[in-house]
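Everything below concerns the one structure shown next.
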Amino acid sequence: MNTDTQSVDQTVSAMAEVLAKYLHPEEVRLLKTQWLQYSAVSSVRMMQQCILDATRRYPELQDHKSEIRKGFWATLQVDSQQTVESDSHNGHNETINAPVPISEPVLAFYTVIEALRSQLTAADSRSFFHSMHQTVSQERTFKGHHININQFLEGNRPPVPDNEYLLNNLMQLAYVCLCDITGPVEADEILFQAAQTAKQSYPKAVVEKLF
């Protein structure tokens with residue numbers, strides 16, 4: 001099971017479990033009711049939206065955002081592990097591996113790319129990701145790695161190397177492709193805003209190593 005594609009129910013349940021340490025049960029119930037109306041999206045986006053909703057309604061949670069995020073991922077990971085073990089005990093003969101936790105640098109990379117995409121028009125977004133996909137596939141640095149950049153266009157998160165050097169190279173290629181689409185001045189502004197977005201969820205040092 002992949003923590004990027006959890007159902008809304010699973011994501012909301014994990015967030016509610018963490019917030020139970022900070023809020024009254026009735027307050028958590030009201031938030032859950034709101035969240036369960038959302039459409040299915042990636043766990044990261046859903047988590048960010050949940051934290052945004054919770055801190056707007058209860059500003060005192062602002063000081064605990066980092067702990068809430070960490071608790072959320074830990075809870076979601078445990079839930080995934082238990083589901084895998086339950087499936088295995090139910091007579092499935094195939095080998096089911098427990099999910100591998102996604103590192104903060106990879107999650108920060110995903111967040112930057114998604115924040116970058118959100119600032120582009122649909123046409124520019126298609127041109128950017130197609131160009132980046134082609135560039136990455138031809139770049140010798142990534143030989144041996146299958147990175148389907150075009151998956152970002154579908155709202156998915158393609159597997160990327162959990163390697164700071166390679167992630168940095170991906171960001172450099174993203175910048176070059178972005179310059180071709182928007183020009184260097186706008187590309188700088190778009191990447192700056194994307195980095196600021198990522199720093200709201202991940203340590204500053206982790207995000208800055210991407211650039």
Side-chain angles (χ1 to χ4, degrees), residues 1-115 117-118 148 151-160 162 194 196-203 206-207:
M1 183 181 296
N2 190 324
T3 52
D4 289 331
T5 54
Q6 298 286 337
S7 70
V8 171
D9 285 347
Q10 290 167 310
T11 304
V12 168
S13 295
M15 181 58 72
E17 185 174 333
V18 174
L19 289 181
K21 302 174 185 176
Y22 304 93
L23 299 174
H24 187 275
E26 180 61 19
E27 294 173 330
V28 175
R29 188 190 68 77
L30 290 173
L31 285 170
K32 282 185 68 176
T33 300
Q34 177 182 347
W35 296 334
L36 288 171
Q37 297 173 9
Y38 292 144
S39 300
V41 292
S42 69
S43 292
V44 172
R45 287 187 181 180
M46 189 72 184
M47 177 265 288
Q48 291 172 336
Q49 185 61 51
C50 288
I51 290 179
L52 181 63
D53 292 339
T55 52
R56 278 177 176 171
R57 183 174 290 188
Y58 307 105
E60 64 272 19
L61 293 177
Q62 287 283 356
D63 295 337
H64 304 287
K65 283 167 64 174
S66 178
E67 300 124 74
I68 292 171
R69 280 193 293 269
K70 291 177 182 176
F72 168 80
W73 287 115
T75 302
L76 202 60
Q77 200 65 49
V78 169
D79 289 346
S80 297
Q81 174 77 46
Q82 290 174 344
T83 301
V84 169
E85 290 175 351
S86 174
D87 287 345
S88 179
H89 293 157
N90 284 338
H92 287 214
N93 293 323
E94 66 272 19
T95 300
I96 304 176
N97 294 321
V100 178
I102 304 175
S103 71
E104 279 195 328
V106 171
L107 288 171
F109 171 78
Y110 286 146
T111 301
V112 169
I113 294 297
E114 288 166 354
R117 178 192 174 195
S118 70
N148 188 357
Q151 285 189 22
F152 282 113
L153 279 171
E154 302 166 4
N156 298 321
R157 292 180 160 192
V160 295
D162 187 359
Q196 294 303 106
T197 298
K199 287 176 184 177
Q200 294 175 17
S201 300
Y202 305 101
V206 171
V207 176

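Here, residue 1 is the first one in the sequence, and each next residue gets the next number. The analysis underlying the following values was restricted to heavy atoms, covering all of them including side chains, and did not include hydrogens, waters or symmetry mates.
- A salt bridge does not link Glu27 to Arg57: none of the charged nitrogens lies less than 4.0 Å from a carboxylate oxygen.
- In this structure, Thr55 contributes its side chain and Leu52 its backbone to a donor-acceptor pair below 3.5 Å.
- Once rounded to the nearest 0.5 Å, the distance linking CG of Leu153 with CG of Asn148 reads 9.5 Å.
- Within the model, atoms CZ of Phe109 and OG of Ser103 stand 11.5 Å from one another, a figure rounded to the nearest 0.5 Å.
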**Request:** Kindly indicate, with the supporting measurements, whether the criterion side chain to side chain contact (heavy atoms under 4.5 Å, CB included) is fulfilled by Val18 and Glu67.
**Result:** CA-CA 9 Å; Val18 174; Glu67 300 124 74; over 6 Å; no

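- Note that the CZ atom of Arg117 and the CD1 atom of Ile113 stand 11.5 Å from one another [nearest 0.5 Å].
- Scanning both residues, Ala198 and Ala108, for their nearest heavy atoms gives CB-O, 4.2 Å.
- Between Glu26 and Arg29 there is a salt bridge, with a side-chain nitrogen of the basic residue lying less than 4.0 Å from a carboxylate oxygen of the acidic one.
- For the side-chain contact (heavy atoms from CB on, under 4.5 Å) with Ile51, the qualifying choice from Arg69, His64, Arg56, Gln62 is Arg69, the only one to do so.
- Between Leu61 and Leu23, some side-chain heavy-atom pair lies under the 4.5 Å cut-off.
- Here the side chain of Ser13 pairs no donor or acceptor atom with the backbone of Gln10 at under 3.5 angstrom.
- Side-chain contact check for Val160 versus Tyr110: some heavy-atom pair is nearer than 4.5 Å.
- A heavy-atom distance below 4.5 Å is not found between the side chains of Tyr22 and Val28.
- Side-chain contact check for Tyr58 versus Leu19: every heavy-atom pair is 4.5 Å or farther apart.
- By the salt bridge (charged side-chain N to carboxylate O under 4.0 Å, His left out) test, Glu60 pairs with no residue at all, sequence neighbours left out.
- A distance of 6.5 Å separates CG of Leu107 from CZ of Arg157, quoted to the nearest 0.5 Å.
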